Enquirer: 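Got a structure for you, written out below as structure tokens; questions coming shortly.
Predicted model only: the values in this text are computed from it and were never measured. Just the heavy atoms: all of them, side chains too, but no hydrogens, waters or symmetry mates, feed the values below.
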Amino acid sequence: MTALQAQNLIVAQYIDCHLNVTETYPANPNTSALGITVISKVDGHIAAMMPHPERVFRAVSNSWYPED
């Protein structure tokens, strides 16, 4: 993890309601280390992204949603 931090490759992190990086559920649904959600390669291209924004773009793409 320190290599990612040292090279500034952590693009986004989960935060709690106090804007602190968190590793705990539910603010970090996958409990990733350092709250990491997106990392990039050295050239700036996104290498990995854990949250799935396509799942919240439309309700029909969610596995469950309230009918109302």
Side-chain angles (χ1 to χ4, degrees):
M1 296 301 168
T2 54
L4 291 174
Q5 290 172 308
Q7 296 181 58
N8 292 320
L9 299 179
I10 300 172
V11 176
Q13 294 169 283
Y14 289 108
I15 57 171
D16 63 18
C17 62
H18 302 287
L19 305 179
N20 298 312
V21 172
T22 184
E23 295 181 352
T24 58
Y25 183 87
N28 179 341
N30 63 357
T31 64
S32 60
L34 301 176
I36 295 173
T37 127
V38 181
I39 59 173
S40 73
K41 299 189 300 181
V42 177
D43 66 7
H45 288 91
I46 298 299
M49 183 171 179
M50 184 55 202
H52 297 278
E54 74 280 4
R55 293 185 183 170
V56 296
F57 181 73
R58 297 183 58 216
V60 296
S61 64
N62 293 330
S63 57
W64 179 89
Y65 60 92
E67 291 186 27
D68 60 346

Enquirer: Going by side-chain contact (heavy atoms from CB on, under 4.5 Å), name the residues that satisfy it together with A48, two or more places apart in sequence or in a different chain.
Expert: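 For A48 the side-chain contact (heavy atoms from CB on, under 4.5 Å) partners, ignoring immediate neighbours, are I39.
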Enquirer: Are any side-chain N or O atoms of E23 and backbone N or O atoms of T31, one a donor and one an acceptor, separated by less than 3.5 Å?
Expert: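 Looks like no, no N/O pair under 3.5 Å.
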Enquirer: Output all residues satisfying side-chain contact (heavy atoms from CB on, under 4.5 Å) with D43, sequence neighbours left out; order by chain, then residue number.
Expert: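 Here the qualifying residues are K41, H45.
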Enquirer: For the side chain to side chain contact (heavy atoms under 4.5 Å, CB included) test, which of N20, L34, V38 pairs with Q13?
Expert: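 For Q13, the side chain to side chain contact (heavy atoms under 4.5 Å, CB included) check succeeds only for L34.
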Enquirer: Once side-chain contact (heavy atoms from CB on, under 4.5 Å) is applied, do any residues pair with T22, and if so which ones, sequence neighbours excluded?
Expert: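 Applying side-chain contact (heavy atoms from CB on, under 4.5 Å) to T22 gives Y14, D16, T24, A27, N28.
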Enquirer: Check whether any side-chain N or O of Q7 sits under 3.5 Å from a backbone N or O of V42 as a donor-acceptor pair, and report yes or no.
Expert: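 No.
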